[in-house]
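Working notes for the structure below.
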Protein chains: 2
Amino acid sequence: MSKDPAALDDADYAALADFRATIRIFLAFSEGEAAKAGLSPRQHQALLAIRGVPRGEATVGYLAQRLILRPHTVSELAKRLSALGLLAGEAPQGDRRKLVLHLTPKAENLLRALSAAHQQEIRRIKPLLSDLLDRFG
Amino acid sequence: MSKDPAALDDADYAALADFRATIRIFLAFSEGEAAKAGLSPRQHQALLAIRGVPRGEATVGYLAQRLILRPHTVSELAKRLSALGLLAGEAPQGDRRKLVLHLTPKAENLLRALSAAHQQEIRRIKPLLSDLLDRFG
DNA sequence: GCCCATTATGTCGTATTACGATATTTCTCA
DNA sequence: TGAGAAATATCGTAATACGACATAATGGGC
């Protein structure tokens with residue numbers, strides 16, 4: 001019998017494990033930085049997603065797509081962030097069912113420091129990640 | 001006053017948000033595949049980490065380092081996986097405090113299918129990730 | 001050869017958080 | 001205008017990682 005061309009060998013598994021571990025390293029770094037700022041990882045990602053898009057476009061539904069969460073989960077996330085004084089929301093002109101979220105100045109400041117640190121970390125792991133990707137043909 | 005050279009502009013935030021979103025896409029894919037196999041993401045990563053290392057090297061402590069979790073958390077993770085019939089463990093010759101974990105045939109089979117799917121998905125997002133990394137200078 | 005600090009793993013209770021089911025408000029358009 | 005859809009919100013629940021603590025085994029100094 002001939003070898004299955006799609007069969008994975010030890011090197012394939014090692015590459016997958018290394019890829020996953022590298023992502024985990026980045027996420028653990030991010031977790032730590034966010035925690036220093038008093039944020040959960042999701043809260044941090046939510047703030048970043050809002051900052052990364054033009055003002056007025058960050059609705060609950062948009063965030064749900066962007067974070068790959070259920071809309072009602074984002075609703076709770078936004079409530080917690082609002083309670084922390086990091087988010088404000090208002091209904092846009094056209095559709096009063098929607099809620100457009102925007103960062104408070106406090107959130108802008110938090111995110112500025114967090115993002116600088118993350119940018120550095122991504123630059124640090126960039127060669128690692130590139131090499132890793134090359135192991136996937 | 002001159003502009004802070006380290007200041008982040010909208011494009012920097014967008015790159016960070018896109019990078020994070022791409023990781024989230026991969027993790028959501030992985031979550032879904034793992035769930036189809038009846039595994040949590042951590043359980044999947046644990047199996048992969050064990051498979052990715054030579055037999056006999058995957059102790060609880062090693063996994064804790066690799067997954068960036070507390071050892072006692074890995075202990076519980078291993079207990080759940082054992083209850084599912086996916087892991088077996090035994091004390092190695094030298095040090096009977098340690099517990100070496102290895103996959104059962106059932107876990108090998110699950111992981112084979114999962115890993116093939118993940119390899120494909122990584123190949124799919126590889127160009128996206130590469131372009132993204134280039135946005136970080 | 002024995003003691004004790006250290007290492008490795010395990011147990012228990014708790015807090016966080018994402019989800020399903022369901023509800024409410026607003027919009028759309030026939 | 002009324003029915004159904006869309007967008008967001010509420011509530012109870014389940015999963016899981018952690019801290020604090022416990023147990024077991026090791027090994028170096030004397």
Side-chain angles (χ1 to χ4, degrees), chain A residues 24-25 27-32 34-47 49-50 56-84 86-102, chain B residues 24-25 27-32 34-47 49-50 56-84 86-102:
Chain A
R24 180 73 188 106
I25 287 170
L27 292 177
F29 166 84
S30 186
E31 259 179 60
K36 283 195 242 169
L39 296 174
S40 73
R42 285 284 196 245
Q43 289 174 337
H44 170 215
Q45 195 183 356
L47 297 183
I50 294 168
E57 294 189 11
T59 61
V60 170
Y62 166 79
L63 276 184
Q65 281 195 328
R66 189 70 162 161
L67 307 189
I68 314 186
L69 293 174
R70 304 284 164 173
H72 71 264
T73 299
V74 173
S75 177
E76 292 180 323
L77 188 54
K79 185 169 64 174
R80 282 178 243 136
L81 284 166
S82 296
L84 290 172
L86 296 172
L87 274 193
E90 59 209 6
Q93 284 298 330
D95 190 338
R96 281 183 316 182
R97 290 173 304 179
K98 293 189 181 179
L99 180 63
V100 168
L101 301 168
H102 57 266
Chain B
R24 180 72 188 108
I25 287 169
L27 292 177
F29 166 84
S30 185
E31 260 178 59
K36 283 195 242 167
L39 296 174
S40 73
R42 286 283 197 244
Q43 289 174 336
H44 171 216
Q45 195 182 355
L47 297 183
I50 294 170
E57 292 189 13
T59 61
V60 171
Y62 166 80
L63 276 185
Q65 281 195 328
R66 190 71 162 159
L67 307 189
I68 314 185
L69 293 173
R70 303 285 165 175
H72 71 264
T73 299
V74 173
S75 178
E76 291 179 321
L77 188 54
K79 185 168 65 175
R80 279 177 246 136
L81 284 166
S82 296
L84 290 172
L86 297 172
L87 273 194
E90 61 208 8
Q93 283 297 331
D95 190 338
R96 282 183 314 182
R97 289 172 304 179
K98 294 189 178 177
L99 180 64
V100 168
L101 301 168
H102 58 266

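These figures come from a predicted structure and were not determined experimentally. Letters go in sequence order (proteins before strands), and every chain restarts at 1.
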Option from Leu67(A), Val60(A), Leu87(A) for which side chain to side chain contact (heavy atoms under 4.5 Å, CB included) with Leu77(A) holds
Leu67(A)

Starting at atom NZ of Lys79(A), determine the distance to atom P of dT17(C), rounded to an integer number of angstrom.
13 Å

How bent is the helix from dG1(C)-dC30(D) to dA30(C)-dT1(D), comparing axes over its five end pairs at each side, to the nearest 10°?
20°

For Arg42(A), all residues meeting salt bridge (charged side-chain N to carboxylate O under 4.0 Å, His left out), sequence neighbours excluded:
none

Set of residues satisfying side chain to side chain donor-acceptor pair (under 3.5 Å) with respect to Lys36(B), sequence neighbours excluded:
Glu33(B)

Which ones in residues 62-69 of chain B lie close to DNA chain D, meaning a heavy atom under 4.0 Å from one of its atoms?
Leu69(B)

Sequence neighbours excluded - salt bridge (charged side-chain N to carboxylate O under 4.0 Å, His left out) pairs with any residue from residues 88-102 of chain A
Asp95(A)-Arg97(A)

Contacts of Glu31(B) meeting side chain to side chain contact (heavy atoms under 4.5 Å, CB included) (sequence neighbours excluded), chain-then-number -> Arg24(B), Pro41(B)

Assert: residue with more 5' nearest nucleotide on DNA chain D, out of Thr73(A) and Leu39(B), is Thr73(A)

In terms of heavy-atom contacts, Ala34(B) and Ser40(B) come closest through CB-O, 4.2 Å

Report the residues that fulfil ring pair (Phe, Tyr, Trp, His ring centres under 6.0 Å) with Phe29(A), sequence neighbours left out, ordered by chain and then residue number.
His118(A)

Which atom names give the shortest non-hydrogen contact between His44(B) and Ser30(B), and what distance separates them?
ND1-OG, 3.6 Å

Verdict with supporting geometry, Thr59(B) and Leu101(B), side chain to side chain contact (heavy atoms under 4.5 Å, CB included):
CA-CA 6 Å; Thr59(B) 61; Leu101(B) 301 168; over 6 Å; no

Ignoring the backbone of Leu99(B), work out which of dG10(C), dT11(C), dC19(C) is nearest its side chain.
dG10(C)

Rounding to a whole Å, what distance do you find between Glu76(B):CD and dT14(C):C1'?
12 Å

For Glu76(A), all residues meeting salt bridge (charged side-chain N to carboxylate O under 4.0 Å, His left out), sequence neighbours excluded
none

So if I define the base as every atom that isn't primed, P, OP1 or OP2, how would nucleotides 22-30 of chain C read as a B/S/- string at a heavy-atom cutoff under 4.0 Å?
----BS---

Ser82(A) side-chain N/O to Ala78(A) backbone N/O, donor-acceptor pair under 3.5 Å
yes

Output all residues satisfying side chain to side chain contact (heavy atoms under 4.5 Å, CB included) with Ser75(A), sequence neighbours left out; order by chain, then residue number.
none

Please tabulate the protein-to-nucleotide N/O contacts below 3.5 Å involving nucleotides 2-4 of chain C, giving atom names and distances.
none

Provide the closest heavy-atom pair for Leu81(B) versus Gln43(B) in the form atom of the first, atom of the second, distance.
CD2-CB, 3.7 Å

For Arg70(B) and dA15(C), give me the distance from atom CZ to atom C1', rounded to whole Å.
16 Å

Verify side chain to side chain contact (heavy atoms under 4.5 Å, CB included) between Leu27(B) and Ile68(A), making sure each step is shown before the conclusion.
CA-CA 10 Å; Leu27(B) 292 177; Ile68(A) 314 186; over 6 Å; no

Taking atom P of dT9(C) as reference, at what distance in whole Å does atom CG of Leu77(B) sit?
14 Å

For DNA chain D, which nucleotides open and close the run of contacts to chain A, 5' to 3', at under 4.0 angstrom from a non-hydrogen atom?
dA6(D) to dC11(D)

Least distance between heavy atoms, Leu99(B) atom then Gly89(B) atom:
CD1-C, 3.6 Å

Derivation of the side chain to side chain contact (heavy atoms under 4.5 Å, CB included) call for Leu86(A) and Arg80(A):
CA-CA 9 Å; Leu86(A) 296 172; Arg80(A) 282 178 243 136; over 6 Å; no

